[in-house]
Amino acid sequence: MKNFWPRWIPYPVSIVRATVVCGVFFLFISLVASSIQEEALYWYYYGGEIPPELIGAAFLGWIIILPVVTFLRHWFSGVFDEKYYQNHHPFIPGWRSLWEGIAALWVATLGFMVLGLLLPLTGDNSWIVIGLWVGSMAYIYHIGYLFGQWLADRKAIKVERKAARKKANEEAQAAKERAKAQKRTSKSPVQPAIALSTEEVFDDMLKALTEKEKRGRRR
């Protein structure tokens, strides 16, 4: 999918993660809102006065994103990976799950900031507000994924360059060793043919003359 999916559109996994964060937040808000007195909600909807309970619920809903997303990621990892619980306790999330919860809280915070900038353009339509918040979180997740992919690619390139440099150094060292061996071979003295000494040459000459004289006398 990533080969033909446009890079400027969030991947489905980013949209799903943003939707989960939004769902956790508004589920908690809806549970708290159901317990707020009708009179307070009346003044909120028609008078614009936000009940303190709703403000507290929004803050708690923002905080609760961290543990809920952490445990969701932890439990889903156990569902899709049979060996996951061999190394992790069912009720003690691993560091990857904890990082997912921290990232969700951070993304939700940045999404609130983006929504605060775009809120004057949304009017009073709550669905547009929710859509903008989910969209902004999806893009933040997407940007984070692309940045992580870029770091991984750079790391892989560094590893490949390091391996290539190591191989080049080994080949250069081997070439130096071969050159040294050839140099030592060229410098080693060549065993010359053993030349006859002067006395041996003289004796051979005398023997030749003596045999010549013997042949002359026989004639």
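Side chains included, hydrogens not; waters and symmetry mates left out as well; all remaining heavy atoms used.
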Practice problem: Measure the shortest side-chain to side-chain distance between Arg96 and His74 over non-hydrogen atoms and say whether it is less than 4.5 angstrom. | Solution: no
Quiz item: What residues form a side-chain hydrogen bond (donor to acceptor under 3.5 Å, both in side chains) with Ser77, not counting sequence neighbours?
Solution: Arg73
Quiz item: Mind checking whether Leu105 and Ile29 sit in one hydrophobic cluster, side chains of I, L, V, M, F, W, Y counted as touching below 4.5 Å?
Solution: yes
Quiz item: Just by distance, do the side chain of Tyr139 and the backbone of Ser14 share a donor-acceptor pair under 3.5 Å?
Solution: no
Quiz prompt | Straight-line distance of Thr109 OG1 to Ile140 CD1, nearest 0.5 Å | solution = 9.0 Å
Quiz item: Considering the options Val21, Val20, Val24, which one meets the side-chain contact (heavy atoms from CB on, under 4.5 Å) requirement together with Val68?
Solution: Val24
Self-check item: Summary of salt bridge (Lys or Arg N to Asp or Glu O under 4.0 Å) pairs that have at least one residue in residues 104-119, sequence neighbours excluded
Solution: none
Quiz prompt | Atom pair CG/CD1 of Leu118 and Ile128 - distance to nearest 0.5 Å | solution = 11.5 Å
Exercise. Identify the two heavy atoms, one from Leu115 and one from Leu132, that lie closest to each other, and give their separation to 0.1 Å.
Key: CD1-CB, 3.9 Å
Quiz prompt | Distance in Å, Ile64 CD1 paired with Phe59 CZ, rounded so as to fall on 0.5 Å steps | solution = 12.0 Å
Quiz item: Should side-chain heavy atoms under 4.5 Å link Ile, Leu, Val, Met, Phe, Trp and Tyr, which residues sit in the same cluster as Ile92?
Solution: none
Self-check item: From CA spacing to verdict: side chain to side chain contact (heavy atoms under 4.5 Å, CB included), Thr70, Trp99
Solution: CA-CA 8 Å; Thr70 298; Trp99 174 250; over 6 Å; no
Exercise. Could you walk me through whether Gln149 and Arg7 pass side chain to side chain contact (heavy atoms under 4.5 Å, CB included), step by step?
Key: CA-CA 12 Å; Gln149 192 178 42; Arg7 294 176 67 90; 3.9 Å; yes
Quiz item: Are any non-hydrogen side-chain atoms of Gln173 and Asn169 less than 4.5 angstrom apart?
Solution: no
Quiz item: Within a radius of less than 6.0 Å around CZ of Phe26, do more than 12 heavy atoms belonging to other residues, nucleotides or ligands occur?
Solution: yes
Practice problem: Just do the side chain to side chain contact (heavy atoms under 4.5 Å, CB included) check on Leu110 and Ser136 with the steps written out, would you? | Solution: CA-CA 8 Å; Leu110 293 179; Ser136 61; over 6 Å; no
Exercise. Test ring pair (Phe, Tyr, Trp, His ring centres under 6.0 Å) on Phe112 and Phe25 and set out the steps.
Key: CA-CA 12 Å; Phe112 277 128; Phe25 178 79; 5.5 Å; yes
Quiz item: What is the minimum heavy-atom distance between Leu27 and Ser30, and which atoms define it?
Solution: O-OG, 2.7 Å
Quiz item: What do the steps show when you test Arg17 against Met137 for side chain to side chain contact (heavy atoms under 4.5 Å, CB included), and what is the final call?
Solution: CA-CA 8 Å; Arg17 294 166 77 184; Met137 288 192 296; over 6 Å; no
Exercise. Flag the pair Lys162 / Lys167 as yes when at least one side-chain heavy-atom distance between them is below 4.5 Å, and no otherwise.
Key: no
Exercise. Walk me through it: do Trp106 and Tyr141 pass the test ring pair (Phe, Tyr, Trp, His ring centres under 6.0 Å)?
Key: CA-CA 10 Å; Trp106 177 246; Tyr141 269 124; over 10 Å; no
Quiz item: Any side-chain heavy atom of Leu66 within less than 4.5 Å of one from Ile102?
Solution: yes
Quiz item: So, for Val134 and Ala18, which heavy atoms are closest and what is the spacing to 0.1 Å?
Solution: O-CB, 3.6 Å
Quiz prompt | Shortest non-hydrogen contact from His88 toward Tyr84 | solution = ND1-O, 3.0 Å
Exercise. Can you label the angle between the Trp75 ring and the Phe91 ring as parallel, tilted or perpendicular, going by 30° and 60°?
Key: perpendicular
Quiz item: Val114 and Ile130: same hydrophobic cluster, using ILVMFWY side-chain contacts below 4.5 Å?
Solution: yes
Quiz item: When hydrophobic residues are tied together by side-chain contacts of less than 4.5 Å, even through go-betweens, does Tyr85 share a cluster with Leu72?
Solution: no
Quiz item: Which distance, rounded to the nearest 0.5 Å, do you find between the CG of Asp81 and the CZ of Phe76?
Solution: 14.5 Å
Exercise. Indicate yes or no: at least one non-hydrogen side-chain atom of Tyr145 is less than 4.5 angstrom from one of Val13.
Key: no
Quiz prompt | Donor-acceptor contact present, side-chain Trp150 to main-chain Arg154, <3.5 Å | solution = no
Exercise. Would you check if the side chain of His142 reaches a backbone N or O of Ala138 as a donor-acceptor pair within less than 3.5 Å?
Key: no
Quiz item: Is there a donor-acceptor pair closer than 3.5 Å between any side-chain N or O of Ser97 and the backbone N or O of Pro93?
Solution: no
Quiz item: Could you state the interatomic distance from CZ (Arg165) to NZ (Lys158), rounded to the nearest 0.5 Å?
Solution: 11.0 Å
